[in-house]
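Only one structure is covered here, and it is reproduced in the block below.
Chain A is the first sequence line, chain B the second, and so forth, proteins listed ahead of strands; every chain is numbered from 1. In this text the structure is predicted, and so the values were computed from the model without any measurement.
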Amino acid sequence: MSTSTQEAAEQQDWMNGGDEGAAAVASPRAPSSRYKGVVPQPNGRWGAQIYERHARVWLGTFADEAAAARAYDVAALRFRGRGGAVNFPAAHAAAAAEMAFLAALPKSEVVDMLRKHTYDDELRQALAAAAAKDVTPSDVGRLNRLVVPKLQAEKHFPPLDETAAAPVLLAFEDDAGGGKVWRFRYSYWSSSQSYVLTRGWSRFVREKGLNAGDTVAFSQAAAAAASGIDAGEVGVKRRMFIECRKRKRKGSSHSGVPGDGCCPGGGARVVRLFGANIAAAAAIGASCVR
DNA sequence: GTTTGTGTTGAA
DNA sequence: TCAACACAAACG
């Protein structure tokens, strides 16, 4: 996950203020943490804990105070959902994908990962890119289609049954867009022997201000029971993500993209989508099960 | 010997 | 629900 600038700033803040605090009036006392759910340990490390039903749930110890605070945040998200107070709100505000990842895991599993310090890795892996493409001018042009590189499509996308008549629709939830759902048609064009996303694609391009040279990355989270996003259609639910990174541009700082506030300063703007694939036809669903 | 994290208490 | 504190269990 990318570290938000705010979080970075806060880390910097506590680092500076931590032990060089002007007077520091020789307070030999272990300083209580400024973070929720974080408690000092005798050896200078930091413990994280959260309470549920009158009972404390220990989340492990950490060298960094902020790391402990993040552990608490993760637990809070899993235990209490978005409503719960958190140490770094900005870092989690738009993380619908992370929420889905968490929701698919038992609490005990999440706690275990926090205590073993493996949560970040697990999350990263769950969201790891499975396929990526630098979009071409035609991908963002008037053709209303994105060509998905064949190898990537065959490896990471649901198999397409050419004999099926019904179209395959992929539904995605916009990770940064407040739960907005995008739908694309996914099909194979035998004339060009290409896998393509069609219906809905141009709208996405428009609203995201996607330009040629930007990167679209697809990823897939470990499948889980998933009560989540699913339009009640048949078919195997795969948890997939798509992510766009704006290509860095030299010189002109903005591309004149209207509407959705591209990143200031030209850094990578990340748009991550979460979604469950939805096969509109039972036939497709069956082939997915294979 | 060191670190973890539980027992426990009192405040919010 | 929460953090402070003490200290025994767990660890290496």
Side-chain angles (χ1 to χ4, degrees), chain A residues 1-128 175-176 178-179 221-222 224-228 274:
Chain A
M1 280 282 101
S2 61
T3 303
S4 78
T5 57
Q6 174 180 333
E7 180 179 348
E10 289 195 47
Q11 278 183 248
Q12 195 56 44
D13 187 311
W14 71 257
M15 280 172 151
N16 292 335
D19 40 0
E20 306 194 301
V25 188
S27 155
R29 205 51 290 113
S32 78
S33 176
R34 37 196 296 236
Y35 294 117
K36 186 174 175 58
V38 177
V39 294
Q41 291 297 95
N43 56 356
R45 288 166 62 83
W46 300 89
Q49 59 187 20
I50 191 171
Y51 286 81
E52 167 157 86
R53 276 254 329 147
H54 264 239
R56 169 178 49 202
V57 178
W58 187 253
L59 305 174
T61 61
F62 304 83
D64 284 353
E65 190 181 5
R70 265 182 256 115
Y72 172 85
D73 285 6
V74 170
L77 288 174
R78 177 59 183 85
F79 282 59
R80 299 167 184 173
R82 279 214 188 73
V86 131
N87 292 298
F88 305 107
H92 300 282
E98 182 172 10
M99 292 301 296
F101 169 72
L102 282 168
L105 257 35
K107 291 176 185 176
S108 61
E109 200 66 38
V110 174
V111 169
D112 206 61
M113 287 177 355
L114 291 173
R115 288 170 76 143
K116 291 176 177 165
H117 298 186
T118 60
Y119 176 77
D120 285 333
D121 277 347
E122 297 281 0
L123 177 62
R124 201 185 317 282
Q125 184 178 330
L127 306 182
D175 190 31
S227 55
F274 167 80

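The distance between atom OH of A/Tyr35 and atom C1' of C/dT1, rounded to the nearest whole Å, is 21 Å.
To the nearest 0.5 Å, atom NZ of residue A/Lys36 and atom CD of residue A/Gln49 are 10.5 Å apart. Rounded to the nearest 0.5 angstrom, A/Leu102 CG and A/Phe79 CZ are separated by 10.5 Å.
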Give the table of side-chain donor-acceptor pairs shorter than 3.5 Å for residues 104-113 of chain A, with sequence neighbours excluded, one pair per line with atom names and distance.
from: A/Lys107; atom 1: NZ; to: A/Glu52; atom 2: OE2; distance (Å): 3.1
from: A/Asp112; atom 1: OD2; to: A/Lys116; atom 2: NZ; distance (Å): 2.9

Determine, for nucleotides 2-8 of chain B in 5'-to-3' order, which nucleotides have protein heavy atoms under 4.0 Å from the base (write B), from only the sugar-phosphate (write S), or from neither (write -).
-SBBBBB
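Using a 30° and 60° split on the angle between ring planes, A/Tyr35 and A/Phe88 fall in the tilted class, from 30° to 60°.
The heavy-atom pair separating A/Arg82 from A/Leu77 by the smallest distance is CA-CD2, 4.4 Å.
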